[in-house]
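Can you keep this structure in mind? I'll have questions shortly.
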There are 2 protein chains.
Amino acid sequence: MSLSHAIMTALMDRQLTGYDLAKQFDVSLGFFWSASHQQIYQQLKTLTAASYVAVTEVAQSGKPDKRLYELTESGRSELIDWVAGETKRKPARDDLFVKLYNMGVVDGALLLKQILERQTEHQQRLALYQRIRERGYQQPGKLDQHQQGRFLALLAGIYQERAALQWCDEAILLMQSSADN
Amino acid sequence: MSLSHAIMTALMDRQLTGYDLAKQFDVSLGFFWSASHQQIYQQLKTLTAASYVAVTEVAQSGKPDKRLYELTESGRSELIDWVAGETKRKPARDDLFVKLYNMGVVDGALLLKQILERQTEHQQRLALYQRIRERGYQQPGKLDQHQQGRFLALLAGIYQERAALQWCDEAILLMQSSADN
DNA sequence: CGGTACATGTAATCTGTTACATGATTCA
DNA sequence: TGAATCATGTAACAGATTACATGTACCG
């Protein structure tokens, strides 16, 4: 039940509609936990049934009516228990690494191409993270605790992307040098 | 259908039983894609039905009979198509980062404790990867293509763990310094 | 006598993805 | 007129986790 906790986390700050959540919950939380709108609407139903969230229907003119969700007291305490509980680390499960095991059977150029694509993605993502950092998170020592948490998540993203880019560089170098032979 | 491709990848090299696969497919592939024995047996059934793998029942004395799986020609070509196809990157989905967003609401010490536990896990994992590297993958330029792929996967693991450890250091520093105030 | 290794499964449930479905308003 | 934004859903299927279930042989 972890998407539900991500949703509840987003609802800690403010009330949101399913639509808002679907567009990445919150600009930054979405980087670490995304989900499709279908899944979010289903979870919201489950969470409502469990009374962890409450809905208010809001009629709008010119736009479709919407359902605003907010965290209940029991949702809040459930969330706090979850945060306090153990965190299991699960394997990353990246197709690309599985594909690498097939090098030698499959044309190396095919994999090189995919690594080059990956490299571009990581560069873009890193640039985005760094823009966010510059805008709101200089001087991490002066942030309040709530913002510090967000900063640390962002920092983890930055380190991950940097590591991925380093790896891409090395992989490309090695693959190109052996293709030359 | 990606666990099935991981299974097929392991079967590229040699025939295996479900039991073998369950204990990490192959010492190293398991680091990047693990699965429980239940899931593996189910997938093997599906793969057999699709004729991507073939079974041979092997009677054993003293041990339970076993079923040896091997990749068929059509499985092999399916796998090759998959490798050549696009690789989508999916969000990492790590609970810990979602939990960080609740800093300030939840006692910071709780999260610090979890980060310290993570740090130990990453240290152990990194040490393991480095042992593997020293044993079989010095001089990456001299490896054949097949082994180069494995080396690159391992290297990705090493970079990931290093990045995670760097992050842990920074996070611990920041959290301890603000707890002191 | 108890634990570990070997060996294979079913069933229930939960999570996630893909496809399908609708409908108004605003902007170019 | 057509695309984008706002807004919410159902249904089918695929993938993953947890619980339940069985049985031998070997080592200490």
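Computed from a predicted structure; not experimentally measured. Throughout, a chain's letter reflects where its sequence line sits, starting with A, and its residues are numbered from 1. Only this structure's heavy atoms are used, side chains among them; waters, hydrogens and symmetry mates stay out.
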>> Side-chain N or O of A:Gln39 versus OP1/OP2 of C:dT17: is the shortest distance under 4.0 Å?
In response: yes

>> From C-beta outward on B:Trp33, which listed nucleotide comes closest to its side chain: C:dG9, C:dG16, D:dA16?
In response: D:dA16

> Between atom NZ in B:Lys45 and atom P in C:dT8, what is the gap in whole Å?
Replying inline: 14 Å

> Hey, does the side chain of B:Asp144 reach the backbone of B:Gln147 with a donor-acceptor pair shorter than 3.5 angstrom?
Replying inline: yes

> So, is A:Lys23 near the phosphate of D:dC6, with a side-chain N or O under 4.0 Å from OP1 or OP2?
Replying inline: yes

>> For a quick check of understanding: with a heavy-atom distance under 4.0 Å over all strands, which category does B:Lys90 fall into, base, sugar-phosphate or nothing?
In response: nothing

> Between C:dT17, D:dT8, D:dT17, which nucleotide gets closest to the side-chain atoms of A:Arg67?
Replying inline: D:dT8

>> If I take atom CG in residue B:Leu21 and atom P in nucleotide C:dT8, what distance separates them, rounded to the nearest angstrom?
In response: 10 Å

> Quick one: do the A:Tyr69 and A:Thr56 side chains pair a donor with an acceptor below 3.5 Å?
Replying inline: no

>> Output the rounded distance in Å from CD (B:Gln38) to P (D:dC20).
In response: 12 Å

>> Rounding to an integer number of Å, can you tell me how far B:Arg93 CZ sits from C:dT15 C1'?
In response: 9 Å

> Quick one: is D:dT8 close enough that its OP1 or OP2 comes under 4.0 Å of any side-chain N or O from A:Tyr41?
Replying inline: yes

> Do A:Gln15 and A:Asp20 meet the criterion of a side-chain donor-acceptor pair at a distance under 3.5 Å?
Replying inline: no

>> Strictly below 4.0 Å: does B:Tyr19 bring a side-chain N or O up to OP1 or OP2 of C:dT8?
In response: no

>> Counting only side-chain nitrogens and oxygens, does B:Gln60 get under 4.0 Å of the OP1 or OP2 atom of C:dA7?
In response: yes

> Where does the angle between the aromatic ring planes of A:Tyr129 and A:Phe32 fall among parallel (under 30°), tilted (30 to 60°) and perpendicular (over 60°)?
Replying inline: parallel

> Nearest of C:dG9, D:dG15, D:dT18 to any side-chain atom of B:His37?
Replying inline: C:dG9

> Just how far, in rounded Å, is C1' of C:dC14 from CD of B:Gln42?
Replying inline: 13 Å

>> Less than 4.5 Å apart, side chain to side chain, heavy atoms only: is that true for B:Thr87 and B:Trp82?
In response: no

> Which whole-number value in Å describes the distance from B:Ile40 CD1 to C:dA7 P?
Replying inline: 15 Å

>> What is the separation between atom CD on B:Gln43 and atom P on D:dA16, rounded to the nearest whole Å?
In response: 8 Å

> Whole-Å distance between C:dT8 C1' and B:Leu68 CG?
Replying inline: 14 Å

